[in-house]
Every structure is written in structure tokens, then in C-alpha cells.
Amino acid sequence: MTYLFISDLHLSPDHPRLVRGFLALLKQYQDKNTQLYILGDWFNAWIGDDYTAPWLNEIVTALQKFTDAGNRIYFQVGNRDFALGRKFLKQFDGILLPDVYTLNIHQHRFRLEHGDALCTDDVSYQRFRKVIRNPILLGLIKRTPLSFRQKLANGFRKKSSETKQLKNYDIMDVNRQAVESVITQVDYLIHGHTHRPEIHHILNKQRIVLGDWRADSAWIIEINEQQNNQLDFKQWFY
């Protein structure tokens, strides 16, 4: 069994190199009995499970081949693709995980999450997150035409980019107290979102931050039973 963790791919038709990288990852781990965990921001924006396009169909086909080989895919929503649901995942037997998920691997407990909820110093973002993730509002948005949702997603991305330029860099990182409050019951905390790949040691635990995908590489975590379940946090080139 191989456990594979990735985050912040930000796949879109505008960045075909990232799509190629993800397809290459699936191919490399196709025959390794893999459990793939995608911890949010799989896509740069997700406007609804009713969206279809040739570039996305290619991904779905590869995912179907991946799971048909006996592998499993688990997904947590991020701040860019929180509208992605079970209808899309059902096409390849993917499993939607809750925002926070605890995984046990050979007597070690791993807390998995996207990471944005830990950035409590970014008060304006947390306020926006609470509103936009409201199930009632999200349900209403999903009922609007695709064209409207596309404009809405473009507006969110533009606003987010403009806001980040005005914010202090540290405000957008995780809050130490927020991390300490959740890491006590586990051995490892794995998350993405901040795009700052690193292993942090805190309270005799490890907080491992997955980085965002680039044009030629990605940060991944691999735990392989055939290698004595050693955790390998590495930059994978494709």
C-alpha cells in the first residue's frame, strides 16, 4: 500500500502543464496500490459539478483508469474548489472527505485539512469563508446558470489577488495557537493552502505543509508500506 498526499494543484485549462503533471502522477502511481489524498484546491476554480469541458474529460478518464486499477482517491475541498461535490467524484468512485479528517497509518494519527481554517489572523478571509461556505448560500449559487457562476468565480479570483497584494505576508500564514489547539491529539498535521512547503516541529509533533504545484514540479508526501512506512516529503519533478 502507498499513501500519497498532494494539495494546491490549481488545475485549469489556462495551465495545461499542470494538467500534464497531474496525469503523469496518476500514471506513475497507477500500479502501486495507491491511496491518493488531495487536500484542496485541486482546481483553480470550481463552478459546479455540472461543468464539462474536453480538458476536464481527459482528467476524468485518467482518474477512472486509476481507480479501475484498484487505487482509491480521497478529496477535501479547498478555498478554490469548495463547490466540488459527490456528483463529480462519483464518475471515478472518488470519496469526499470532511473538512478535517483523521487518518490512522500503522499506529500513527494524521490530521488532514486544506489549511485555510488555521489562518485565523486573516480575519477578513475567515469572515468571507464563513459566508460563502454556508450550505444554504452554496445551494442557491449551484442553482444559478453556469455563465453566472463563471463570472462569480472570476470575480472571486480577481478580488483575492488584489487583496493578497495589500495584506501582510504573515497574516496569510497559519496562526500558531490555532495549530497548537488541533495538533495535540495527532502525530502529524498535513495541510496545504499557504504555498510554503516545509516541515515544522511543534509540541513534539510534525506539521507538514504541502506546496503549490509549479510548471515542472510538485511537493508530495509518500508513505510506502514496502519501505517500512517511512514518510517521504519530497519535491517531485515531472
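Note: hydrogens, waters and symmetry copies are ignored here, and every other heavy atom, side chains too, is used. Along the sequence shown, residues carry numbers from 1. Since this is a predicted model, take the numbers as computed values, not measurements.
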query = In the single-linkage hydrophobic clustering (I, L, V, M, F, W, Y; side-chain heavy atoms under 4.5 Å), do Val182 and Leu210 co-cluster?
reply = no
request  = May I ask you to check whether Asn154 and Gln150 show a side-chain donor-acceptor distance below 3.5 Å?
outcome  = yes
request  = Just jot down the side-chain contact (heavy atoms from CB on, under 4.5 Å) partners of Trp213, sequence neighbours excluded, or say none.
outcome  = Ile6, Leu9, Leu18, Phe22, Leu25, Ala218, Trp236, Tyr238
Residue pair Asp212, Arg214: steps toward the salt bridge (Lys or Arg N to Asp or Glu O under 4.0 Å) verdict = CA-CA 7 Å; Asp212 58 320; Arg214 302 300 174 92; 3.1 Å; yes
query = Does the side chain of Leu11 come within less than 4.5 Å of Trp55's, by heavy atoms?
reply = yes
ask   = Out of curiosity, does Tyr74 fall in the hydrophobic cluster containing Leu4 (side-chain heavy atoms, cut-off under 4.5 Å, transitive links)?
value = no
task = Flag the pair Tyr29 / Glu222 as yes when at least one side-chain heavy-atom distance between them is below 4.5 Å, and no otherwise.
result = yes
Presence of salt bridge, Arg133 and Asp99, under 4.0 angstrom = yes
task = Could you tell me if the ring centre of Trp46 sits under 6.0 Å from that of Phe88?
result = yes
task = Indicate whether the side chain of Asp122 and that of Thr120 have a donor and an acceptor atom separated by less than 3.5 Å.
result = no
ask   = Would a 4.5 Å heavy-atom cut-off, applied to side chains only, mark Leu189 and Glu113 as touching?
value = yes
Minimum side-chain heavy-atom gap Phe82-Ile132 below 4.5 Å = yes
request  = Output, in order, the C-alpha distance, side-chain angles, deciding distance and verdict of salt bridge (Lys or Arg N to Asp or Glu O under 4.0 Å) for Asp187 and Arg111.
outcome  = CA-CA 8 Å; Asp187 302 297; Arg111 178 186 171 105; over 6 Å; no
ask   = Is the side chain of Arg109 donor-acceptor paired with the backbone N or O of Tyr188 at a distance under 3.5 Å, no angle test?
value = no
task = Can you sort out the partners of Asp232 under salt bridge (charged side-chain N to carboxylate O under 4.0 Å, His left out), two or more places apart, ordered by chain and number?
result = Lys234
ask   = Can you name the side-chain contact (heavy atoms from CB on, under 4.5 Å) partners of Leu96, sequence neighbours left out?
value = Phe75, Val77, Arg86, Leu89
inquiry  = Suppose we screen for salt bridge (charged side-chain N to carboxylate O under 4.0 Å, His left out). Which residues come up paired with Asp116, at least two apart in sequence or across chains?
reply    = Arg129
ask   = When you look at Leu39 and Tyr37, which way does the side-chain contact (heavy atoms from CB on, under 4.5 Å) test go after all the steps?
value = CA-CA 6 Å; Leu39 309 187; Tyr37 292 83; 4.2 Å; yes
Val174 vs Cys119 side-chain heavy atoms within contact, under 4.5 Å = yes
Gln30 (side chain) donor-acceptor with Lys65 (main chain) under 3.5 angstrom = yes
request  = Decide side-chain contact (heavy atoms from CB on, under 4.5 Å) for His193 and Ser7; before the verdict, give the C-alpha distance in whole Å, the side-chain angles of both, and the deciding distance to 0.1 Å.
outcome  = CA-CA 8 Å; His193 180 65; Ser7 181; over 6 Å; no
request  = Flag the pair Leu103 / Phe5 as yes when at least one side-chain heavy-atom distance between them is below 4.5 Å, and no otherwise.
outcome  = yes
query = Within a radius of less than 6.0 Å around CG of Asn204, do more than 12 heavy atoms belonging to other residues, nucleotides or ligands occur?
reply = no
query = Just wondering, do Ile199 and Arg207 contact through their side chains at under 4.5 Å, heavy atoms?
reply = no
message = Under 4.5 Å between side-chain heavy atoms, counting indirect links through other Ile/Leu/Val/Met/Phe/Trp/Tyr residues: same cluster for Val100 and Ile208 or not?
response = no
message = Ignoring hydrogens and geometry beyond distance, is a side-chain donor-acceptor pair present between His15 and Asn44 at under 3.5 Å?
response = no
ask   = Is Val19 reachable from Ile220 through a run of I, L, V, M, F, W or Y residues, each pair having side-chain heavy atoms under 4.5 Å apart?
value = yes
key: Common cluster, Val60/Ile47, ILVMFWY with side-chain heavy-atom separation under 4.5 Å   = yes
ask   = How are the rings of His195 and His10 set to each other: parallel, tilted or perpendicular (split at 30° and 60°)?
value = perpendicular
inquiry  = So Ile105 and Ile223, do their side chains get closer than 4.5 Å, heavy atoms only?
reply    = yes
inquiry  = For Lys27, is the NZ atom crowded, meaning more than 12 foreign heavy atoms sit under 6.0 Å from it?
reply    = no
Verdict with supporting geometry, Asp31 and Asn71, side-chain contact (heavy atoms from CB on, under 4.5 Å) = CA-CA 8 Å; Asp31 301 317; Asn71 305 298; over 6 Å; no
query = Between Asp81 (side chain) and Trp42 (backbone), is there a donor-acceptor pair under 3.5 Å?
reply = yes
request  = Using the side-chain contact (heavy atoms from CB on, under 4.5 Å) rule, take Asp8 and His114 through it: C-alpha gap first, then chi angles, then the decisive distance, then the call.
outcome  = CA-CA 9 Å; Asp8 298 277; His114 179 56; 3.6 Å; yes
task = With Asn229 as reference, evaluate Glu225, Gln227, Gln226 under the side chain to side chain contact (heavy atoms under 4.5 Å, CB included) test and give the passing residue.
result = Glu225
message = According to salt bridge (charged side-chain N to carboxylate O under 4.0 Å, His left out), who are the partners of Asp50, at least two apart in sequence or on a separate chain?
response = Arg149
ask   = Around atom CG of Leu140, are there more than 12 heavy atoms of other residues, nucleotides or ligands at under 6.0 Å?
value = yes
ask   = Looking at residues at least two apart in the chain, or sitting in another chain, which of them share a salt bridge (charged side-chain N to carboxylate O under 4.0 Å, His left out) with Lys32?
value = none
